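What follows is a short report on a single structure.
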Amino acid sequence: MSVNNAPTKTAPAAPAEPSPATLHEPRYTPAEIEPRWQQRWAEQPNLYGAEPASSDKPKYYVLEMLPYPSGQLHMGHVRNYAIGDALARYMWMQGHNVLHPMGWDAFGLPAENAAIKNNTPPREWTLQNIAAMKRQMERIGLSYDWRNEITTCLPEYYRWNQWFFIRMFERGLAYRKKSKVNWCPECCTVLANEQVINGRCWRHEDTIVEQRDLEQWFLRITDYAQELLEDLGKLDGWPEKVRTMQRNWIGRSEGAEVTFDVEDAASVPDDELATRHAGTAVLPAREDVKSSDKKITVFTTRIDTIFGATSVQLAPEHPLVKEFAAANSALGDEVSALLEQQKKARETGDIGAIEKHGVFTGHYAINPFNGERLPIWVANYILLDYGTGAIMSVPAHDERDYEFAKKYGLETRIVILPRRTLDSTTGDRANGSIDEPMIPYTAEDSLLINSGEFNTLGNKEAQQKMAAFAEEEGFGKATVTYRLKDWGISRQRYWGTPIPMLYCEKDGIVAVPDDQLPVLLPENVEITQQGGSPLARLPEFVNATCPKCGGPARRETDTMDTFVDSSWYFYRYTSAKDDKAPFDTAAVAYWFPVNQYIGGVEHAILHLIYSRFWSKVMRDLGLIKNDEPVERLFTQGMVIKDGAKMSKSKGNVVSPDEMIARYGADAARAYSLFAAPPDRDLDWQEDGVAGVSRFLGRVYRFVIRYADRARKAEAVSSVPTSATSQALLRKLHQTIRKITVDFSGRWHFNTCIAAIMELVNTLTAAETAIAAGEVPDVVLAEIVRDLVLLLAPFAPYLSFELWEKIGEQGDLLRAPWPKYDEALAREDEIEVPVQVNGKLRAVIRVAAGTDE
RNA sequence: GCCGAAGUGGCGGAAUUGGCAGACGCGCAUGGUUCAGGUCCAUGUACUCGCAAGGGUGUGGGGGUUCGAGUCCCUUCUUCGGCACCA
């Protein structure tokens with residue numbers, strides 16, 4: 001309606017009945033109700049406890065990602081836990097035996113930073129934060145089984161990190177090597193590849209990660225690359241987005257390695273040497289030219305194009321480049337420049353955009369397939385850490401090689417043709433017939449030319465035959481390369497699990513024996529921001545005895561990446577008090593896999609790939625039976641305010657405490673479910689919380705108003721029906737159906753809560769009829785009772801309060817979820833629109849169930 | 001560049017299978033209740049023409065299939081997320 005004519009408008013205002021209900025009604029006061037129930041729940045420590053494996057209920061393990069104890073819950077946590085809590089409560093009510101645990105990812109850098117800033121020991125700071133956050137969780141009313149709470153920074157937990165580490169060491173899955181590692185100058189420690197995002201630290205998005213040469217401990221996750229990739233196919237309860245991200249991260253690529261000999265320059269006749277120039281030309285095969293002892297192995301996915309190779313390209317850091325540069329300082333300088341460009345590109349994050357530069361080394365490599373000698377170049381776009389750090393360059397059939405060749409005037413040789421080209425030009429393919437504009441021609445469905453005995457083969461077939469040929473001849477083989485690298489877990493920091501290793505002059509690297517575990521993290525450590533492991537400054541920690549020879553040994557002073565802690569924590573929840581083993585294998589066999597895991601998508605390729613790896617290792621150790629830890633994964637969206645993720649730096653943080661103080665925990669958590677579907681980003685609007693709070697108030701008053709009638713209702717065999725009670729029951733059963741169906745998979749809790757709102761709107765609209773006695777007490781009792789049950793997963797405080805008010809004695813959490821009756825939910829008549837030529841012509845009413 | 005998700009009122013979002021687009025909530029408007037209000041209640045609220053009855057237009061844009069399209073097909077634009085000289 002238009003609103004600009006208010007004066008003339010006569011409001012229908014059927015003199016609003018002085019609604020007796022509104023006069024002296026009790027008000028909904030969450031500030032009074034919620035603490036009272038919180039107190040009562042606290043007096044029943046086993047309220048949300050899972051039953052043992054002997055339970056006759058089907059098991060259901062619902063898990064939310066454990067938080068880092070920063071000291072403050074934020075709205076992202078509240079949302080995450082509200083989703084999990086609704087599910088846990090629903091599953092209990094559906095008759096499942098539910099494990100719903102919580103713990104603390106308690107090691108990590110912030111504790112050390114806080115220690116420096118406030119002069120508080122990391123342990124104390126962390127434990128205080130845990131206590132504070134636990135209080136917040138209890139205030140929110142989350143249904144955790146706290147009996148199996150874990151805190152990863154306590155020795156009872158981290159000793160098992162050490163135990164696992166030693167098991168992996170024994171099997172060669174943990175090893176030490178010197179290599180280039182990512183160094184965050186802000187964290188003063190090494191980072192895993194997964195913790196580097198566009199060349200920046202995952203915790204410091206403005207800090208460029210440096211490369212350093214360090215000796216570090218690695219876990220051989222690459223041993224499981226293939227299985228990690230394959231088993232993604234089994235995880236159909238995971239979001240496709242996460243599976244794709246992991247697939248990309250593992251980055252499998254099939255191809256071949258081919259080893260090129262490097263020509264011995266001394267064997268080249270003088271007349272040829274005189275004609276050599278800038279390394280742009282391929283030199284023909286010559287019997288009298290000998291190989292040196294140097295070799296270059298290249299990785300290629302297109303061995304079928306090897307006859308088209310016109311140069312070999314090395315990464316600036318390739319070991320052979322160092323040898324070449326040692327004898328040629330001018331080359332050394334140019335290579336340094338190339339390396340500099342590559343580093344810079346990595347740091348700025350657009351390595352794909354830098355201009356290609358290269359330099360000719362003056363050396364030639366011999367193509368083992370035809371004896372041709374290819375100039376060896378160094379190029380800034382070749383990465384040492386992918387493949388072999390060396391490639392064969394085929395300008396006619398690779399975009400990058402083409403670009404490079406064009407810039408430096410290298411030869412271009414066509415060795416594959418589109419199949420269709422050959423259909424029309426059946427005979428001579430010797431010189432090919434690709435038009436210049438078609439180059440680089442990279443299509444896979446093609447045929448070989450100019451490739452000696454491999455001519456006319458299809459390229460797929462050629463790839464197999466050529467790799468097989470290389471293997472027979474001993475200069476290559478088919479191989480698979482992964483982008484995934486081994487997981488570097490050494491951290492030069494204090495607040496983490498000590499790596500349980502010793503260095504003995506006589507016996508070398510020795511594991512700490514199991515009976516000496518845990519290697520305790522010392523408490524009296526001075527923490528500073530200066531580099532180097534803080535533990536190295538504690539002689540009483542460093543100096544140890546070799547368990548093999550009894551002689552002096554030096555203790556490892558690095559600690560483990562905190563992602564080790566979270567890689568297996570959910571197994572420990574099944575038996576957190578076990579002091580003989582990381583967990584009770586029988587309990588794990590009962591509870592695993594986790595039925596539903598809920599957390600943020602930011603862990604898609606950190607925690608979620610590490611923990612899959614860890615599970616597979618534990619399976620191979622014989623500890624567990626399951627191949628995968630998590631059956632279904634749900635990634636909830638972020639909480640946004642004013643268009644940006646809530647963060648202190650942006651100043652748009654909404655504190656859960658403040659929301660709870662103002663509207664109550666029920667309203668805050670129900671709003672976090674109502675404002676958006678859980679997998680999407682949620683735009684926080686405080687007025688919306690007020691709206692949900694109003695709704696809860698309407699529920700409260702409605703139920704209280706009829707609590708007496710509901711309580712006194714007596715079951716009767718036949719209920720007199722009226723149109724009103726029919727309509728109300730229909731709406732009720734439609735609502736039950738909607739929410740039940742949604743819990744089975746779709747999880748659009750926003751529409752579930754909307755459905756309850758609709759139900760309440762329908763009920764309030766019928767109050768005149770109810771007052772007039774058109775709805776029997778039994779019906780009213782059913783409606784009121786089911787309404788409270790429907791609300792229980794979303795607003796537990798209010799539900800418990802009303803449950804008691806309507807005279808129920810039993811535990812609401814274990815009360816059976818209401819069943820819907822299809823017959824009652826069905827509409828008697830439905831309206832069917834009839835359209836002709838796009839115009840609505842009529843709406844006809846037909847009995848429900850009428851066919852088309 | 002490649003892969004993925006999403007574009008619907010003033011706002012958050014509904015519309016599991018093609019069937020009256022805008023449920024539910026916020027906001028806003030009017031009225032009532034109230035000493036007061038970050039209270040409660042009622043009614044209205046996509047846009048647009050019209051005093052009204054009533055009409056027209058509408059789900060990022062363009063085309064198509066269909067009696068009927070937010071939904072299916074083709075094409076295109078925009079936003080967000082991931083990967084990226086990966087050989």
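Throughout, a chain's letter reflects where its sequence line sits, starting with A, and its residues are numbered from 1. FYI, side chains are in, hydrogens and waters are out, and symmetry mates aren't considered; it's all heavy atoms of this structure. It should be emphasised that the depicted structure is a prediction, and the values quoted were computed from it without experimental measurement.
OP1 or OP2 of C3(B) has not a single side-chain nitrogen or oxygen of R243(A) nearer than 4.0 Å. Taking 4.0 angstrom as the limit, N380(A) places none of its side-chain polar atoms (N or O) nearer than this to OP1 or OP2 of C85(B). For the OP1/OP2 pair of C86(B) and a distance below 4.0 Å, the side-chain nitrogens and oxygens of R400(A) include at least one atom meeting the criterion. Distances shown here put a side-chain N or O of S253(A) below 4.0 Å from the OP1 or OP2 atom of A87(B). A close approach under 4.0 Å does occur between a side-chain nitrogen or oxygen of R680(A) and OP1 or OP2 of A14(B).
For the residue pair M466(A) and L448(A), the shortest heavy atom distance occurs at SD-CD2, 4.1 Å.
For the P atoms, the distance from G12(B) to G7(B) is 12 Å, rounded to whole Å. Only the C1' atoms considered, G70(B) is 11 Å distant from A14(B), to the nearest whole Å. U59(B) and U71(B): their P atoms are spaced 9 Å apart (whole Å). Nucleotides A29(B) and G18(B) have their P atoms positioned 42 Å apart, rounded to a whole Å. Separating the P atom of C47(B) from that of C28(B) is a span of 16 Å, rounded to the nearest Å. Separation of the C1' atoms belonging to U17(B) and C72(B) is 13 Å when rounded to the nearest angstrom. For A21(B) and A46(B), the C1' atoms lie 10 Å apart once the distance is rounded to whole Å. Using atom C1' as the reference point in both U78(B) and U8(B), the two lie 15 Å apart (nearest Å).
Note on residues 670-693 of chain A: pairs passing ring-ring contact (aromatic ring centres under 6.0 Å, His included), not counting sequence neighbours, are Y671(A)-W684(A). For residues 748-764 of chain A, the salt bridge (charged side-chain N to carboxylate O under 4.0 Å, His left out) pairs, not counting sequence neighbours, are K731(A)-E758(A).
A side-chain donor-acceptor contact under 3.5 Å links T751(A) and K738(A). The closest side-chain donor-acceptor pair between T259(A) and E257(A), if any, does not fall under 3.5 angstrom. Under the 3.5 Å distance criterion, with hydrogens and angles disregarded, no donor-acceptor pair is assigned to the side chains of Q342(A) and Y381(A). The closest side-chain donor-acceptor pair between Q636(A) and R680(A), if any, does not fall under 3.5 angstrom. No side-chain N or O of Y441(A) forms a donor-acceptor pair with one of T305(A) less than 3.5 Å apart.
Figure legend. C83(B) is base-paired to G1(B); pairs are counted as Watson-Crick or G-U wobble with both atom distances under 3.5 Å. Of all nucleotides present, only C77(B) satisfies the Watson-Crick or G-U wobble test against G7(B), with each distance under 3.5 Å. U16(B) is unpaired under the criterion used here, namely a Watson-Crick or G-U wobble arrangement in which both key atom distances are under 3.5 Å. The partner of U43(B) is A29(B), judged by Watson-Crick or G-U wobble contacts that both fall below 3.5 Å.
Contacts with RNA chain B (heavy atom under 4.0 Å) in residues 686-702 of chain A: E686(A), D687(A), G691(A), R694(A), R698(A), R701(A), listed by number.
Taking atom CD on Q246(A) and atom P on G81(B), their separation rounds to 20 Å, with Å as the unit. The CG atom of L759(A) sits 12 Å away from the P atom of G25(B) (whole-angstrom rounding). Counting to the nearest Å, the P atom of G25(B) and the OH atom of Y671(A) are 14 Å from each other. The NZ-C1' distance, from K738(A) to C24(B), rounds to 11 Å in whole Å. Here G4(B) presents its P atom at 13 Å from NZ of K241(A), a figure rounded to the nearest Å. Summarising the geometry, the separation between NE2 on H748(A) and P on A15(B) is reported as 7 Å, rounded to the nearest angstrom. D681(A) places its CG atom 9 Å from the C1' atom of G81(B), with the value rounded to the nearest Å. Atom pair D683(A):CG and U79(B):P shows a separation of 19 Å (rounding to whole Å applied).
Across all strands shown, L682(A) has no heavy atoms under 4.0 Å from either base or sugar-phosphate atoms. Nucleic acid contact class of N761(A) (heavy atoms, under 4.0 Å, all strands): sugar-phosphate only. Counting any heavy atom pair closer than 4.0 Å across all strands shown, Y663(A) reaches a base atom.
When the nearest nucleotides of RNA chain B are assigned to M757(A) and A675(A) by heavy-atom distance, the more 5′-ward of the two goes with A675(A). Remark on RNA chain B: of its neighbouring residues R662(A) and R746(A), the 5'-side contact belongs to R746(A), judged by nearest-heavy-atom nucleotide.
Looking at K407(A), its side chain never comes within 3.5 Å of a backbone N or O of Y402(A) through a donor-acceptor pair.
By the 4.0 Å N-to-carboxylate-O rule, E240(A) lies close enough to R247(A) to be salt-bridged with it.
In this structure, of C85(B), C3(B), U39(B), it is U39(B) that holds the atom nearest to the side chain of R27(A). Considering only side-chain atoms of T751(A), the nucleotide from C3(B), A23(B), A87(B) that sits closest is A23(B).
For G9(B), the base is syn relative to its sugar; the glycosidic angle is within 90° of 0.
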